[in-house]
Amino acid sequence: MILAGCDGDRTWRLQDYVARGGYAALRRIVAEKIPQDTIIGELKTSVLRGRGGAGFPTGLKWSFMPRSFPGDKYLACNSDEGEPGTFKDRDILRYNPHSVIEGMAIAAYAMGAARGYNYIHGEIFEVYQRFEEALAEARAAGLIGQNILGSDFSFELFAHHGYGAYICGEETALLESIEGKKGQPRFKPPFPASYGLYGKPTTINNTETFASVPFIMNMGGEAFLNLGKPNNGGMKLFSVSGHVNRPGNYEIPLGTPFSELLEMAGGMRGGRKLKAVIPGGSSAPVVPGSVMMDCTMDYDSISKAGSMLGSGAVIVMDETTCMVKALERLSYFYFEESCGQCTPCREGTGWLYRVVHRIENGLGRPDDLDLLNSVTANIMGRTICALGDAASMPVQSFVKHFGAEFEYHIENKKCLVPPEVQRAGSQIYVSPSC
Amino acid sequence: MLEIEIDGKQVQVDDGSTVMDAAAVAGAYIPHFCYHKKLSIAANCRMCLVQVEKAPKPLPACATPVTNGMKVWTHSELAVKAQKGVMEFLLINHPLDCPICDQGGECQLQDLAVGYGSSASRYQEEKRVVFNKNLGSLVSTDMTRCINCTRCVRFTAEIAGEMELGQAFRGEHAEIMPFIEKTIDSELSGNIIDLCPVGALTSKPFRFAARTWELSRRKSVSPHDSLGANLIVQTKHDVVKRVLPLENEDVNECWLSDKDRFSYEALNGDDRLTAPMIKQGGEWKRVDWQAALEFVATGLRGIAKDHGPASIGALGSPHSTLEELYLLQKLVRGMGSDNVDFRLRQADFRADGKRSGAPWLGMPIAGVKDLNRLLVVGSFLRKDAPLLAQRVRQAAKKGLHVSAIGPNAEEWLLPVKHRALVAPSAMVAVLAEVVAALSAAKGVEVSVALHGKLPAVVSDEARSIAESLAAGRKVAVWLGSLAAQHGRASELQMLAQEVARLSGGTFGFIGEAANSVGAYLAGATPGADGLNAGAMIAQPRQAYVVLGAEPDFDFADPAATKAALGGAQLVVGLSAFDSASLRGVADVLLPIAPFTETSGTYVNCEGRAQSFTAVARPQGETRPGWKVLRVLGNMLSLDGFAQGDSEAVRDEALAGGVAERLDNGLEGVLVSSVVAAAGALERVADVPIHFADPIVRRAPSLQKTRDAAAPTARMAPETLAALGVNAGERVRVRQAGGQAELVAQADAGLAPGCVRIAAAHLSTAALGAMSGDVSVERV
Amino acid sequence: MLSQESLQQIDREIAKYPSDQKQSAVMAALRIAQVEKGWLPKELIEFVARYLDMPPIAAFEVASFYNMYDLHPVGRHKITVCTNLPCALSGGVHAGEYLRQKLGIGFNETTPDGKFTLKEGECMGACGDAPVLLVNNHHMCSWMTTEKIDQMLADLDKK
Ligand SMILES: Cc1cc2nc3c(=O)[nH]c(=O)nc-3n(C[C@H](O)[C@H](O)[C@H](O)COP(=O)(O)O)c2cc1C
Ligand code: SF4
Ligand code: FES
């Protein structure tokens, strides 16, 4: 699918993409003047759900864009992949950037957007440069720009490079950032579909979401849906990291058992025992290994296990992991990345981190776990964007599933997992596939 | 209209209202910090979380739009729990220094913490410390107290018009700051003190001066610009300690300019005149009131007898009260002289006798928001009338197109769509071009008086202005102080009247001072037989009564004024301050009360008569000016000086009504098509905001602001180049008989061929008239 | 204040946005300025702000919000190691420790010869390549074993 056939070193070139069947969908749509509704209808049938984390049905989102808006409408692609554990969009842009360009062009056609931006994560400058090159290729070939493929459909597409702020993955922070401001999320409503970039109607989708569009147009919504399982259409990229033998991206049908994914990733490193999995990026609640082994990789199954499929980032932890230390690092991340705008997140993320840090360093107090639960409850659902929730869910789930380990820490002022075991588990590791 | 139920109470609100708006209608209080009705919605403090039916989470009232049939609970268990949670977060990093905080007693955080906080903190970690910032001489910072509500940031960007503050860094490290090492230079900066809900931004002049509960609060009216901002003056033991805005949506809204807010410092300074003084044999002597008044009465009577009453002239400041100006004119008229005027900086008096009434703004201040076209002629709008400019700024965001004519294009922090940047000598011609183009655009014939007076060729700038006005639905033309003080002011007025007529709009004067309109109503202008301010200087009198003005600063031509007054037999100065400038020419000084120590009335530019009472006891021997003049009237055995209180004086002065007497109509002034000879350098004189009147020029903290910088000789870069002068070099400026040494400054916002040199400052007082030809040479 | 080449690059960025939205180019402009000058002193930020007709404090907000801008001087080579959880599980923390040892400095410090600055970074979206580190903001190095770190430092030392 998106990354299928992308192992060569020129797969990102236009020529290679076209050879793989690229831009056929766009050509057909433009040549046959396929009605916008047909495209959106096809997407609805496919049950493509947003790949950026929230899993919102893409077809439905596209249908929110006002049809007869007089001024400019915009499109934004969210390639600000910064959710710990997620590294799929980088590979899409590195190996198959034209699938994103084609997907965005089709989206622009379907929604009548005249301009688009791809917001690319700050730390992957080389990928940004490559995407700029791909844009130049597409522009030269008349696939974006004025009068695409000789039609009266025009769509300008540009890349915008981030510079180190996780929060810009939040869609309205991303828009603010494109506007040349701090990436501080906007309060919604109004939603981007009515008040987006520069105050104009805007649709934002994840890189993988856009990259999936050409395939859906080629194979049809129904076929795409059938690749996965009902309500969970299609294939999905999973970024597997942590204590596995072959970390990497795996594109598999939604509904594939977790155990199979683990197998593809080479199984547990050193044959050690699976302790816990964060199945959807660092913001998703952690799931104990035993529970995870019974899950299939799709939105519904993971949700039943009390977590979220999120961005499809699967962080695998084995028995050498100290869960307090793991949570401490994640809490530091949210503390560090809070945009500082709204009170509960600005003040609460620091509080959470400091308490977990204290516990990890042997200064925990008996009522600290209650305190953590109470502080997270005071953050969740009360912030402008979902970062507040994202910071809270790991804390709640770690304490819930591994409370004993935290209590041990508080009582004994040291880790349950001996430090040398932790060291052995997390030492510099380079997967055999590289 | 939308129906909403708040805490069980049904209310109807306009479409587009938020839950916070609806709560205001329902009379329900929702705690909040970042929300402010005049600022954009940030929804960042999260204090206003309320329960909304069917919403799974509490929602911020300030940002949640009302939908029809919505049900909201502001104090349900869910809402209060959320509010308490937010309050706890706000307090964890907030210092517990309320006892030494200037905000103590009027702190929204403190107030709400009492209701929502819990007594013991669960936060046991180290608290955050944030370094303070130097924002200048007016606003003091304690940034550790800041709760990041960003009200101050939004104020600078949205109301003051220039983003001078920002929220830098992110997360817990986020802090409010100006750009590195910059101060805040806005003339509206003090408002951020009011906006700050905690003690992070406080008044520097007020710092530690008093605890708020020790202060008594009295209403008053600002004596400075023509807006007449409503004030709350706070005093302790009869000393003014602080000035705050009194909200009046029709006048100042909830804002004050820094001048309004901080000028009070001058009232407590040590150059107050606190006892009557007489100059005898070149020596100033303190005397008692009786002796001083007898000296004055005898002197005036003697001069009237020896030289005739017409040898007496009265010059009043437009910052004086209605009552003072009324009794001043009554006094000289009672003595048989018609020489009285308050238009001390005016140069052209040809309109006298041809006006239909008292000149005013021509429209209500609050009407600015409804305008869609505005032409501003000859104004330093932003610094002359900061809060009026602020209204124009807001209206511009909603589609008001502003055009301007004049020699100056300094930053107004609002979009000026069309501008004719021309030397003062060309202003009449350009405005005439606008009239011509407008008449053509509208297909309406110009008035007979202008037949044959309009130019045949119209400049592009004038045409764009005319086209903009022609497309207007609600148009106004404003004449600023530069137009009012212009050598051909009456012609500008005739033309402005025509522009207004052709575009179906209004026209009027922004006005120079708090009582520019009131002074007309008080009759403080000469009648047909009298001399106006200019003539009283040009044809020196034997005696002058000078009310609230200083020769070096408050007159069109300080040099000529000092010469005329210096040659008189008797100069009586009524002043709140012991002024060196007055001492130089006066023979007797009478200490009269500033606005805080007397009752009185100012009539603002829209014709709103605003009376106020004293908020403090007069200092030393100071007496209210109206009482001094009343006693003088009686001592001179004049009729009609028996008023028992200032209200009686006011009622007498305003007997003919106010609205009835306001009229900008002008007839019979000849508009000529003369254009000044090219090649000459023309002076453009502004009266800087913090030099404009005797009070403000003595306010120490304001004098430390950038707006109080010493005057320079500003010229367009091409003018400098033509003169071979570099910016930063010292130059000698000569004008008429006078000269001054100043630093040359490049000003791209100035018409070529002009030199902008501020008036009302000692360094430029010797130059003479505020307009006219000057020469510039390198020193 | 900036070279002609940098200004041209900035102009190209400005052209990506609607003509009344120059400010959109501020992130790119600050990046370009930083590449040329090594870090962002306040005069440079103000220059960029003026170039884009935006208030200096708004440009400073941006420069101080995004992690990769340097508001203080850094060494000739800035090395940022990701130590976030997914990387930590595969040696990210160890790579950081190794670098600290080799360079003899802590995080947020610069070697006395001014050659290297070491930083701890957040997730770079490359967790599968752990340990990963970023050299001078723009070059990502993957699977950084101690040998590869040695090699990298030796190469950079020559530059
Ligand atoms: C804190 C935060 C970080 C996010 N980061 C990303 C991200 O890196 N990439 C992404 O595609 N979506 C991210 N999202 C989700 C976006 O807000 C948005 O839902 C998504 O881009 C929509 O695209 P989709 O419908 O195609 O998934 C983030 C959301 C939050 C609250
Ligand atoms: S939840 Fe955090 S990241 Fe999101 S807007 Fe609020 S402060 Fe910013
Ligand atoms: S007042 Fe609503 S969030 Fe601050």
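For clarity, every value in this text was computed on a predicted model and none was experimentally measured. A, B, ... follow the sequence lines: proteins, then strands. Residue 1 opens every chain.
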Note to self: Looking at A:I178, is its backbone amide N or carbonyl O close enough to the side chain of C:S24 to form a donor-acceptor pair, meaning the two atoms are under 3.5 Å apart?
What the structure shows: yes
Notebook entry, point to check: Would you call C:E122-A:R329 a salt bridge at under 4.0 Å N-O?
Noted result: yes
Next item on the list: Would you sort out whether A:F87 and C:M124 count as a side chain to side chain contact (heavy atoms under 4.5 Å, CB included), showing the intermediate values?
Entry: CA-CA 8 Å; A:F87 49 89; C:M124 299 177 180; over 6 Å; no
Next item on the list: Give, as side chain, backbone, both or neither, the part of A:S239 having an atom under 4.5 angstrom from any heavy atom of chain C.
Entry: neither
Item checked: Side chain A:R115, main chain C:K16, donor-acceptor under 3.5 Å -> yes
Notebook entry, point to check: So how far is it from C:N137 CG to A:F125 CZ, rounded to the nearest 0.5 Å?
Noted result: 9.5 Å
Note to self: Between A:Y117 and chain C, with a heavy-atom cut-off of 4.5 Å, which part of the residue counts as in contact: side chain, backbone, both or neither?
What the structure shows: side chain
Check: Just by modelled atom types, is the A:G180 backbone N or O under 3.5 Å from a matching donor or acceptor in the C:Q23 side chain?
Finding: yes
Margin query: Which atoms of A:Y429 are under 4.5 Å from chain C, going by heavy atoms: the side chain, the backbone, both sets, or neither?
Written below: both
Item checked: Proximity breakdown for C:M54 and chain A, heavy-atom pairs closer than 4.5 Å -> side chain
Next item on the list: Evaluate side chain to side chain contact (heavy atoms under 4.5 Å, CB included) for C:M140 paired with A:R90, printing each intermediate quantity in order.
Entry: CA-CA 12 Å; C:M140 188 172 296; A:R90 169 170 173 250; 3.8 Å; yes
Check: In Å, rounded to the nearest 0.5 Å, how long is the span from CG of C:N67 to CD of A:E337?
Finding: 5.5 Å
Checklist line | Partners passing side chain to side chain donor-acceptor pair (under 3.5 Å) against C:T146 (at least two apart in sequence or in another chain) | finding: none
Item checked: Segment of A:E132 engaging chain C (4.5 angstrom heavy-atom cut-off) -> side chain
Checklist line | Heavy-atom pairs under 4.5 Å with chain C, option from A:G340, A:G248, A:G425, A:C339 with the top count | finding: A:C339
Next item on the list: Indicate yes or no: at least one non-hydrogen side-chain atom of C:P18 is less than 4.5 angstrom from one of A:Y74.
Entry: yes
Checklist line | Top contributor to chain A contacts, counting heavy-atom pairs under 4.5 Å, from C:T83, C:T145, C:T80 | finding: C:T83
Check: Considering only heavy atoms from C-beta outward, does the side chain of A:H161 approach that of C:R31 to under 4.5 Å?
Finding: yes
Note to self: Could you go through C:L85 and A:F333, starting from their C-alpha distance and side-chain angles, then the distance that decides it, and tell me whether this counts as side chain to side chain contact (heavy atoms under 4.5 Å, CB included)?
What the structure shows: CA-CA 9 Å; C:L85 181 61; A:F333 170 71; over 6 Å; no
Margin query: Listing request: all ring pair (Phe, Tyr, Trp, His ring centres under 6.0 Å) pairs with a residue in residues 107-127 of chain C, at least two apart in sequence or in separate chains.
Written below: C:H77-C:F116
Margin query: With a 4.5 angstrom heavy-atom cut-off, is it the side chain or the backbone of C:D20 that approaches chain A, or both, or neither?
Written below: neither
Next item on the list: With sequence neighbours excluded, tell me which residues meet side chain to side chain donor-acceptor pair (under 3.5 Å) with C:K148.
Entry: none
Notebook entry, point to check: Contact part of C:S64 toward chain A, heavy-atom cut-off under 4.5 Å: side chain, backbone, both or neither?
Noted result: neither
Next item on the list: Rounded to the nearest 0.5 Å, what's the gap from CD on A:E83 to SG on C:C127? Could you check?
Entry: 9.5 Å
Margin query: C:E120 vs A:Y332, test: side chain to side chain contact (heavy atoms under 4.5 Å, CB included). Steps then yes/no.
Written below: CA-CA 12 Å; C:E120 197 174 9; A:Y332 180 78; 5.6 Å; no
Next item on the list: Could you tell me which portion of C:A58 (side chain, backbone, both or neither) has an atom closer than 4.5 angstrom to a non-hydrogen atom of chain A?
Entry: neither
Check: Between C:P86 and A:I315, which heavy-atom pair has the shortest distance, and what is it?
Finding: CG-CD1, 3.8 Å
Notebook entry, point to check: How about A:Y198 and C:Y17: are their ring centroids closer than 6.0 Å?
Noted result: no
Item checked: Contact summary for A:G85 and C:C123, nearest pair of heavy atoms -> N-SG, 4.0 Å
Notebook entry, point to check: Just wondering, do A:E126 and C:H138 contact through their side chains at under 4.5 Å, heavy atoms?
Noted result: no
Checklist line | Part of A:V244 within contact of chain C (heavy atom distance under 4.5 Å) | finding: neither
Notebook entry, point to check: For A:E420, does the CD atom sit with more than 12 other heavy atoms under 6.0 Å from it, leaving out its own atoms?
Noted result: yes
Checklist line | Contacting region of A:S426 [heavy-atom separation from chain C under 4.5 Å] | finding: both
Checklist line | Most contacts with chain C, counted as non-hydrogen pairs under 4.5 angstrom, among A:K325, A:H243, A:E81 | finding: A:H243
Notebook entry, point to check: Does any heavy atom of chain C fall under 4.5 Å from the side chain of A:L327, the backbone, both, or neither of them?
Noted result: neither
Next item on the list: Return the option, out of A:K181, A:K88, A:E156, with the maximum number of heavy-atom pairs under 4.5 Å with chain C.
Entry: A:K181
Notebook entry, point to check: Taking only heavy atoms into account, what residues of residues 89-101 of chain C are found under 4.5 Å from chain A?
Noted result: C:L89, C:S90, C:G91, C:H94, C:A95, C:E97
Next item on the list: State whether a side-chain donor-acceptor pair under 3.5 Å links A:S177 with C:Y66.
Entry: yes
